[in-house]
Structure formats: structure tokens, C-alpha cells
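One-based numbering, in listed order, for ligands and for the atoms of each. Note that the numbering runs from 1 along the sequence shown for the chain.
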Amino acid sequence: MTWPILPGAVIDGRPATLGVLGGGQLGRMFVHAAQSLGYETVVLDPDRASPAGRISHHFICADYRDPNALRELAARAQAVTTEFENVPAQALAELARTRAVSPPTGCVAIAQDRIREKAHFARCAAASGVAPAPHAVIESEADLAAVPAALLPGILKTARLGYDGKGQARVGTRAELASAWQQMGRVACVLEQMLPLALECSVIVARGADGTVVSLPVQRNLHRGGILAVTEVFEQNIPSALAQQAQAATKNIVIELGYVGVLCVEYFVLQDGRLVVNEMAPRPHNSGHYTVDACDQSQFDLQVRTLAGLPLPAPRQHSAAIMLNLLGELWFDAAGAPREPPWAEVLALPGARLHLYGKAQARPGRKMGHLTLIGPDAAGVRLQALRAAERLGIEAF
Ligand code: ATP
Ligand code: MG
């Protein structure tokens with residue numbers, strides 16, 4: 001195969017095409033970035049109405065394990081990526097036999113499993129000084145009995161398949177821990193000590209196949225009900241020493257993984273000022289959506305570049321930015337009746353950039369879109385973001 005895969009090239013008689021496993025909003029924004037560079041795209045997703053499938057040149061509507069669908073994907077695309085970590089590792093491995101695939105299957109397998117993820121973070125801590133939360137692995141009654149008292153109160157998290165606070169339970173006592181584990185079906189879990197958080201942040205990096213690593217600015221994140229609500233990115237959004245430490249720790253994590261592609265690492269800043277590494281996502285991340293409007297290369301542009309083997313100059317943020325997640329509850333009024341959010345009033349605000357994902361059904365907690373406010377300075381952007389929040393009925397931050 002010719003490498004890099006140049007946009008607009010004709011390969012074996014067909015236009016250069018990039019594929020993505022998963023057709024959600026992350027896949028949709030990947031498709032936007034790939035198409036804007038001049039690639040054709042192909043999406044595989046079991047949902048006929050998937051946000052990315054609806055805008056892609058080609059859409060294969062099938063299960064991720066369907067061998068015919070994987071063959072068709074490999075036949076259409078020269079390179080394939082994924083937009084969520086819970087894609088079956090087997091599907092990625094199958095594609096990797098004949099196609100360029102990033103991220104590497106082995107790295108996705110680590111990020112899919114909190115136990116292995118935490119072990120990787122603990123190994124990296126020796127060099128970076130940034131450790132994961134004190135925790136214990138729970139896979140048996142014996143593990144449960146051996147949990148040190150210092151880990152309570154804590155958060156029990158399933159090792160696999162958790163997202164947006166799902167697969168988690170806050171536990172105060174050994175009895176609560178035992179019953180929470182029972183309720184989770186006694187699957188492999190991690191119990192983490194409940195930490196006193198001052199704030200949360202994340203860092204997105206991209207690493208090319210040649211080892212080049214570039215990084216986006218540190219994002220400051222506010223979660224509500226276990227779901228990202230607001231991301232703020234501008235100078236001094238967090239103290240600069242912490243920002244530097246988070247950047248360095250993220251680079252170390254991605255290099256030690258031997259990763260290729262875009263990766264996001266989430267951090268906690270504790271009330272005593274210490275930085276703790278929480279988890280990683282082997283893909284673009286909700287906290288990086290502002291990059292589409294506020295950076296010269298978005299996280300999705302970086303995903304396309306790492307997948308196709310294109311150069312990776314350092315991305316630059318050109319505007320201060322605040323992103324508000326638009327969850328399904330905004331599509332209902334106080335009485336619970338369906339409504340259309342007041343877009344005209346929101347779009348009247350300077351620097352407002354609306355992104356809707358094309359999902360037909362709004363449900364509380366469902367990510368329907370996001371709104372990014374950009375501008376030359378943090379104070380101005382904050383003012384407009386608070387106005388937008390008020391007009392939409394989002395709690396102030
Ligand atoms: P994501 O949607 O980011 O994948 P997730 O469901 O995998 O989320 P986490 O990121 O582990 O879960 O936790 C969700 C949120 O719960 C965190 O952003 C943080 O606000 C809170 N939280 C998680 N672990 C801890 C902890 N050990 N101490 C205090 N708060 C925590
Ligand atoms: Mg998280």
C-alpha cells in the first residue's frame with residue numbers, strides 16, 4: 001500500500017478512502033475532517049440513523065463483528081480508525097491484517113480495561129510523578145475482603161464498558177461495597193478511593209507512526225451527573241505548573257504505549273494541588289470538540305493525519321473557547337413537553353458556533369450536540385457562554 005495515503009489520490013482505481021468503525025458524533029466529526037481534506041469516507045455502524053453514517057460517502061449498516069461487513073470496509077478503505085473504545089478488539093485485529101489501522105489493537109485493549117489502564121498509569125508514574133487514584137482490583141470474594149479500609153469511601157467502577165458515569169457506584173462502607181459489587185453482577189471491577197477534587201482537566205495528544213507527538217492545550221472540564229457539561233480552554237484556565245505537568249505526563253503515557261492516533265487523558269486536580277491521572281480514551285474526546293472552532297487543527301484533523309500518515313505540525317489555539325454540551329433535556333420544557341431549543345437567540349451571540357449531531361430522538365442525558373463560544377479573550381468568551389447557558393436553560397458555571 002502507498003504510504004502516506006494522500007488526499008485525493010487514486011489508489012487501485014478508486015479514490016483515497018478512510019474508514020471508521022462507529023457512526024456516533026465522534027465518527028461524524030472525523031468524517032467532516034476527512035472529507036474537507038478531500039478523502040472519501042466509509043462508516044460501519046449497526047444503527048441505520050447513525051450521525052456519521054448519514055453524512056459519509058459510504059455507509060455499511062451492520063454489526064461490528066459481521067465478517068462480510070468487515071471485508072467490505074477493508075475493500076473500500078485504505079486505512080481504518082475507530083471512534084469508541086468498546087469496539088470489539090477482534091474487529092480491529094481482523095482489519096489490521098490487510099489495512100492500516102490506528103489506534104493499534106493492543107492499545108485499545110488496554111484502554112478498554114480499567115485494570116490494565118491503571119497498571120499502565122502506575123508504570124508511567126515513576127517517570128512523570130503523576131499517579132492514578134489509590135485503588136484495588138476486585139475480581140473475587142477474597143479481593144473484596146482484602147480491600148484496605150483507606151479506600152472507603154470510594155467509587156466502584158466496572159473494569160469494562162463504563163462511560164458517562166455508567167457502571168459506577170459510590171460506596172461508603174464495606175456492606176455497600178459488597179452489595180454494589182453484587183449488583184454489578186460480580187464482574188471485574190476497580191475500587192477507587194473517593195478523592196477531594198478541586199477541578200478536572202484533560203489533555204489530547206496525537207502521535208504519528210514515525211513517533212512525532214503533538215499536543216493540544218489543557219482543557220478544564222466540569223462534569224455534572226457523571227457527564228461532561230462544560231470545557232474551558234484559555235491561558236491560565238488552570239495554574240501553568242499543573243498544565244505543564246499534565247502535558248508531560250500525557251506525552252509519557254502515549255509514548256510508553258507505543259500509540260498511534262489521537263488519545264485523551266483525563267486528570268483530577270486535588271484540593272491539595274496534586275495531579276492524579278483518571279482514565280484515557282483511545283480516540284478524540286468530548287473535551288476536545290472546541291478544537292474544531294478554536295484551533296488551526298482540530299482533534300479530528302489530527303486523527304485523519306495520524307491515520308493517513310500525513311505530517312503533524314504542532315496545532316495552535318487561535319481563540320479562547322468555552323464548550324457547552326447540549327444534552328437531550330434541552331429539547332423539553334419545564335412541563336416535560338418537547339420543544340426546540342431557542343437557537344436564534346443563541347446564534348445571535350458573538351462567537352457562537354453550533355454543532356448538532358443529527359440525532360432524531362432527544363433523551364435526557366443524550367449528547368445531541370455542542371455549542372462552542374470563541375473570542376479573543378477569556379473574559380469576553382465567558383460572558384457570552386454564560387448568556388448562552390441562560391438562554392438554553394443550562395445551569396451557570
Ligand atoms: P467517561 O464518560 O469520561 O468515560 P466514566 O464513566 O468512564 O466517564 P470516570 O471518568 O472514571 O467515568 O468518572 C466520571 C466522573 O466521576 C469523573 O469525571 C469525576 O467527576 C468523578 N470521579 C471519578 N472517580 C473519582 C474519584 N476517585 N474521586 C472523586 N471523583 C471521581
Ligand atoms: Mg471520564
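- Residues V80 and L44 form no side-chain contact, since every pair of their non-hydrogen atoms from C-beta on lies 4.5 Å or further apart.
- When only interatomic distances are considered, the shortest N/O to N/O separation between H285 and ligand 1 does not fall below 3.5 Å.
- With a heavy-atom cut-off of 4.0 Å, E85 does not touch ligand 1 at all.
- A salt bridge links E141 and R186; the closest N-O separation between the charged side-chain nitrogens and carboxylate oxygens is under 4.0 Å.
- Distances from the Mg ion (ligand 2) to each N, O or S atom of E279 single out OE2 as the nearest.
- Residues P282 and L263 approach most closely at CA-CD1, 4.3 Å, considering heavy atoms.
- Of the options V190, L161, L197, the smallest heavy-atom separation from atom 30 (N) of ligand 1 is shown by L197.
- The environment of CZ in R353 is sparse: at most 12 heavy-atom neighbours from other residues, nucleotides or ligands sit within 6.0 Å.
- Salt-bridge annotation for R382 and E232: present, with a side-chain N of the basic residue lying under 4.0 Å from a carboxylate O of the acidic one.
- Counting heavy atoms under 4.0 Å from ligand 1, residue N221 does not touch it at all.
- When the heavy-atom distances from atom 21 (C) of ligand 1 to Q168, R170, E192, E279 are ranked, the shortest goes to R170.
- Distances below 4.0 Å separate heavy atoms of E266 from the following atoms of ligand 1: 3 (O), 10 (O).
- The aromatic rings of H289 and Y357 sit perpendicular to each other, their planes meeting at more than 60°, with 30° as the lower class boundary.
- Shown in contact with M194 at under 4.0 Å from a heavy atom are these atoms of ligand 1, numbered in order with element: 28 (N), 29 (C).
- Using a non-hydrogen distance threshold of 4.0 Å, H135 does not register as a contact of ligand 1.
- When the options L195, N278, V276 are ranked by their closest heavy atom to atom 29 (C) of ligand 1, first place goes to L195.
- If you look at K157 next to ligand 1, the close heavy atoms, those under 4.0 Å, all belong to the side chain.
- Contact of the L191 side chain with the V171 side chain is registered, since non-hydrogen atoms from C-beta on lie closer than 4.5 Å.
- When you scan the N, O or S atoms of E266 for the one nearest the Mg ion (ligand 2), you land on OE1.
- Counting heavy atoms from C-beta on, the side chains of T81 and L18 never come closer than 4.5 Å.
- The residue I227 has no part lying near ligand 1, judged by heavy-atom distances below 4.0 Å.
- Taking all heavy atoms of E200, R224, H223, M280 into account, the minimum distance to atom 19 (C) of ligand 1 is reached by E200.
- Side-chain contact between L6 and L310 is present, with heavy atoms from C-beta onward closer than 4.5 Å.
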